[in-house]
2 protein chains.
Amino acid sequence: MAATEDGNRMEGRTGKADAPMTVDSGARRPSDEGARGRFERIYRTLRMRICLLDHAPGSRLREEDLAEEFRVSRTPIRRVLVKLEAEGLLRSVHGVGTIVTDIDVNELAQVYELRVELAELVGRLSPAPVDAALIARFHEIRARCDEMVSEGDPRTFSRINMDFFHLYNALTTNGPLREINERLYYQTARIWLKTALRLRNSKELIHTEFTTFQREVTDTTEAIEHGDLVAAGHVRRAHIAMSFARIRKASETEGRPVIAPTAG
Amino acid sequence: MAATEDGNRMEGRTGKADAPMTVDSGARRPSDEGARGRFERIYRTLRMRICLLDHAPGSRLREEDLAEEFRVSRTPIRRVLVKLEAEGLLRSVHGVGTIVTDIDVNELAQVYELRVELAELVGRLSPAPVDAALIARFHEIRARCDEMVSEGDPRTFSRINMDFFHLYNALTTNGPLREINERLYYQTARIWLKTALRLRNSKELIHTEFTTFQREVTDTTEAIEHGDLVAAGHVRRAHIAMSFARIRKASETEGRPVIAPTAG
DNA sequence: CGGCATGATGTTGTGCACAACATAACAAGC
DNA sequence: GCTTGTTATGTTGTGCACAACATCATGCCG
């Protein structure tokens, strides 16, 4: 049991080498969950798919298809879409469709600007107590990260990055701060993967991203081991700022998108 | 025309002495607005009612009543309620009803903690250009504030405070920051009015609140006139922190609620 | 008289049919 | 050939009836 509402574990974690296919809908569960549980499940599934680019920016999400996949009618699906639209990941237009919002580096500059500032607040506002279990979870992430550096693909990287975010976000007990961090994170989560897929030819840059993230995880873990949450905040702040700087640089050097494969 | 999406003006502003009755639903508009416009209108109306305690914490909002008032069916109403629930102002429970969330000083401490930090970011992150029109709007608020100090009631105070917030929030062009500030503001907007209504016997404390807010508006206006948005941020930060401290103190000195009149 | 089962009542959640709307294809006219 | 009006098609938005669920009253039994 042990209510761990902080963790935000996703479904479909099959261990180390999870298949690069689309996120499982988790359907075929007749009634072992209430209406609210089903809502949360569908919401999280779609959110992760959008952020892993399973639903590419600009593509359309037909409500009826989703309804069929999740074995419900359009009504509960629309609830989820309304929330995702409020989060800025979707946009529904009457008579046209619900399309996944496109992401632009310049628009996201403001979000990153904010994330940089908020990163330091974690661990400064209402720091969570650091116990052995928490440290163990950081070590686990670091292990997955070390493994990924040598043989990982961008998608796996994004998954680990997502898990690391949730772990880091659990360092504060300030609920509103956690919510806002989560919202802003998922607004920017796609841009790295999108950039990485575009630059997947130059493996050098990709490797730089991997090792940089590895350093962030290592440094953060060490700070946590010392119980210095403020230091962890500084590490995170620096890495968010640098990460965005690299993304922006990459999108400047590259000219036109020549976008990734279509559902291949 | 001049798209002023920043202002967030509410409907029902009848000038200086607006009636203390409930916020007008703005119904009786057949089709001069699209589906999205209607959604926004209903959403803002309900949000303002909740924050002005027209819908007291703990009270129930029957979907059918709202549907009848706004001349629509339950379906679009539910969309609004879903969003308000995501904002933390409502909570829908299957088979029970949608109840207005109660507000507790201790729970809101975290929100205030965050608002204090974010207040300074306005004007520091992506400051808006200060022109004569903007200064004029600050002067207008100050005039309304001066008038209210002598003959205002707590409800009028809350309205002016709300308008001042929107004006202050327009000092940054960082969209995500504005959204977050708005969300957090409306989560805490009710607590002042609730406390003031409880203490409406001791007019001394109420008057202190009025004059304190008057000073905040005056200081902020002066800072804006000098184009010093950072100073405005410091003023705001200080006043948010002090305001919460007074609210907390008031709720400590008072023992039990002995809650306000019931729809009388 | 107290406790508990059972039905009545009221509310939100769901499913489905239709309306409102936008777009694309197509044909008529210039 | 090009433009334009019209129709066909597909999508989201709305309304309504019913199911799922919780609560309260009632009456039975101990």
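Remember, it's a predicted structure, so these values are computed and weren't measured experimentally. Per chain, numbering begins at 1; letters A, B, ... match sequence-line order.
- As rounded to whole Å, 9 Å separates atom P of C:dT12 from atom CD of B:E64.
- Rounded to a whole Å, the CZ atom of B:R36 is 14 Å from the P atom of C:dC21.
- Closest to the side chain of A:R62, from the set D:dT11, D:dG15, D:dC21, is D:dT11.
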Report, one line per pair, each donor and acceptor closer than 3.5 Å where one atom sits in a side chain of residues 109-116 of chain A; sequence neighbours left out.
residue: A:Q110; atom: OE1; partner: B:G175; partner atom: N; Å: 3.3
residue: A:Q110; atom: NE2; partner: B:T173; partner atom: O; Å: 2.9
residue: A:E113; atom: OE1; partner: B:S126; partner atom: OG; Å: 3.0
residue: A:E113; atom: OE1; partner: B:N174; partner atom: ND2; Å: 2.9
residue: A:R115; atom: NH1; partner: A:T188; partner atom: OG1; Å: 2.8

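- For B:S73 and D:dT14, the shortest distance from a side-chain N or O to OP1 or OP2 is not below 4.0 Å.
- Contact check on A:D102 versus A:K194 returns a salt bridge, with a Lys/Arg side-chain nitrogen under 4.0 Å from an Asp/Glu carboxylate oxygen.
- Atom OH in B:Y43 sits 14.0 Å away from atom CZ in B:R36 (nearest 0.5 Å).
- Using a 4.0 Å cut-off, no side-chain N or O of A:R74 falls inside it from OP1 or OP2 of C:dC16.
- Separating the CD1 atom of B:I99 from the C1' atom of C:dT12 is a distance of 13 Å, rounded to the nearest angstrom.
- The separation between A:L66 atom CG and D:dT11 atom P is 12 Å, rounded to whole Å.
- Whole-Å rounding puts the B:D65 CG to C:dG10 C1' distance at 12 Å.
- With rounding to the nearest 0.5 Å, the separation of CD1 in B:I50 from OG1 in B:T101 is 7.0 Å.
- Atoms CD (A:E63) and P (C:dG15) sit 14 Å apart, rounded to a whole Å.
- The side chain of B:V96 approaches D:dA22 more closely than any other nucleotide in the set C:dA22, C:dC16, D:dA22.
- When distances run from any side-chain atom of B:T75 to the nucleotides D:dT14, D:dT12, C:dT12, the shortest one goes to D:dT14.
- If you take CZ of B:R71 and P of D:dT14, they are 17 Å apart, rounded to a whole angstrom.
- In this structure, the side chain of A:R200 engages the main chain of A:L197 through a donor-acceptor pair within 3.5 Å.
- Between A:V93 and A:R79, the one whose closest nucleotide on DNA chain C sits nearer the 5' end is A:R79.
- Across all strands, A:L61 comes closer than 4.0 Å only to sugar-phosphate atoms, never to a base (heavy-atom distances).
- Between B:R60 and B:D65 no salt bridge is recorded (no basic side-chain N to carboxylate O distance below 4.0 Å).
- B:R60 places its CZ atom 10 Å from the C1' atom of D:dA22, with the value rounded to the nearest Å.
- A donor and an acceptor atom, one from each side chain of B:D153 and B:T156, are located under 3.5 Å apart.
- For the pair A:T98 and D:dT12, the criterion of a side-chain N or O lying under 4.0 Å from OP1 or OP2 is met.
- Between A:R38 and C:dT14 there is a side-chain polar atom (N or O) within less than 4.0 angstrom of OP1 or OP2.
- Contacts of residues 83-90 of chain A with DNA chain D (heavy atom under 4.0 Å): none.
- Side-chain proximity of A:A35 to C:dT14, D:dA20, C:dA20: nearest is C:dT14.
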For this session: Please step through salt bridge (charged side-chain N to carboxylate O under 4.0 Å, His left out) for the pair B:R183 and A:E179, ending with a clear verdict.
Result: CA-CA 11 Å; B:R183 179 191 176 105; A:E179 283 179 32; 2.8 Å; yes

